[in-house]
Amino acid sequence: MSQRAVVFGASGQLGVELVRELRARRYDVKGWDRTQVDITDPAAVENALAQFDAQVVFNSAAYNQVDVAEKEPQAAFLVNGLAVRNLALACRQVDARLVHFSTDYVFDGAARHPYVEDDPTHPLGAYAVSKLAGELYAQAYLDTALVVRTSGVFGPGGLNTARGNFVELMLRLARSGNPIRVVEDHVASPTFAPLLAARTIDLVEREQSGVFHVGGGTPTSWFQFARLIFQAAQVEPMLLATNEREYRTPARRPRYSALSNAKMERAGLEPLPPLAQVLVSYFEERKRKTG
Ligand SMILES: NC(=O)c1ccc[n+]([C@@H]2O[C@H](COP(=O)([O-])OP(=O)(O)OC[C@H]3O[C@@H](n4cnc5c(N)ncnc54)[C@H](OP(=O)(O)O)[C@@H]3O)[C@@H](O)[C@H]2O)c1
């Protein structure tokens with residue numbers, strides 16, 4: 001009999017890839033978007049899980065507006081923190097494994113090495129605190145929760161979401177014809193959603209639990225990322241490097257939040273391919289979707 005899996009937040013960038021990859025691996029999958037199940041509603045979560053007897057539950061729903069969260073920290077905490085408690089409690093009731101996603105922003109960016117899972121956390125703002133709370137709730141109620149921290153997620157699903165992703169933002173700015181300024185003093189691990197989905201399911205299939213980092217593989221500044229995007233898209237806008245001092249944002253962000261995938265690789269998973277190669281796949285898929 002095939003394994004049964006549930007995906008909450010199924011229409012987000014990662015959610016669509018989880019559903020696709022699970023179906024490709026012959027799971028019996030139920031994906032719910034926010035209009036079908038709002039994870040901040042404990043009764044809705046409980047009913048949904050009671051109806052579909054899943055062995056594994058993926059939570060790809062999140063409040064991801066890092067700057068807006070500084071104005072509405074409660075909204076961020078409700079989705080990223082308290083709703084994960086709803087999911088963990090409901091998973092405990094039906095004896096399902098919970099797979100939850102977190103962020104590189106749980107770190108403060110003071111490190112000079114790609115962050116490993118045991119590095120101390122120190123979130124710098126409301127979004128980051130709410131995501132750390134979600135990790136803690138998942139682990140408070142469940143012994144076998146899998147928490148996957150990732151970074152700078154981009155996937156073709158971003159073409160259909162209101163929030164989009166960094167690639168689509170860069171393409172939009174390029175079309176405007178104006179010079180584009182991107183910070184070069186902030187370094188992260190941009191991660192391709194289809195690969196994040198595949199590696200996460202690999203971890204589940206290897207019965208892994210605890211915290212794992214699944215980031216793009218190579219520490220990359222946002223400026224470098226923008227340059228790679230324009231190379232892959234074969235467009236040449238005027239791209240200028242800026243820095244944190246010149247480009248202020250409401251939320252503080254870690255300057256360096258690259259993630260080490262060493263633990264994932266020790267578990268026997270394949271390393272992630274270089275970002276330039278992954279962007280080629282992104283643009284192929286984008287072309288297929290936009291015609
Ligand atoms: N995107 C990044 O750069 C990034 C970086 C680090 C970590 N992460 C983490 O990676 C995971 C996947 O992110 P993503 O890029 O796929 O995000 P995304 O594209 O913004 O998708 C998030 C999804 O969650 C849904 N959602 C929000 N509130 C909900 C609620 N109360 N109930 C049910 N669904 C709700 C959203 O629906 P609506 O569209 O209707 O709001 C959206 O479909 C998240 O845990 C995120 O925190 C992302």
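Every number for a ligand or one of its atoms is a count from 1 in the order of the listing.
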Peer 1: State, with a plain yes or no, whether a side-chain heavy atom of Pro190 is found less than 4.5 Å away from one of Leu275.
Peer 2: yes
Peer 1: Select all protein residues for which some heavy-atom-to-ligand 1 distance is less than 4.0 Å, and list them by chain and number.
Peer 2: Ser11, Gly12, Gln13, Leu14, Arg34, Val37, Asp38, Ile39, Thr40, Ser60, Ala61, Ala62, Asn64, Val79, Phe101, Ser102, Thr103, Tyr127, Lys131, Thr150, Ser151, Gly152, Val153, Arg163
Peer 1: Test the Arg4-Phe52 pair against the cation-pi criterion, namely NZ or CZ under 6.0 angstrom from the six-membered ring centroid and within 45° of the ring axis.
Peer 2: yes
Peer 1: Applying ring pair (Phe, Tyr, Trp, His ring centres under 6.0 Å) to Phe230 and Phe225, what does each step give before you reach the verdict?
Peer 2: CA-CA 9 Å; Phe230 294 134; Phe225 188 26; over 10 Å; no
Peer 1: Side chains of His100 and Asn59: is there a donor and an acceptor less than 3.5 Å apart?
Peer 2: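 Side-chain D/A pair, His100 to Asn59: present.
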Peer 1: Without hydrogens or angle criteria, can the side chains of Asp119 and His113 be said to hold a donor-acceptor pair below 3.5 Å?
Peer 2: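 Per modelled atom types, Asp119 and His113 side chains form a pair under 3.5 Å.
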Peer 1: Listed by chain and number, what are the side chain to side chain donor-acceptor pair (under 3.5 Å) partners of Thr242, not counting sequence neighbours?
Peer 2: Glu246
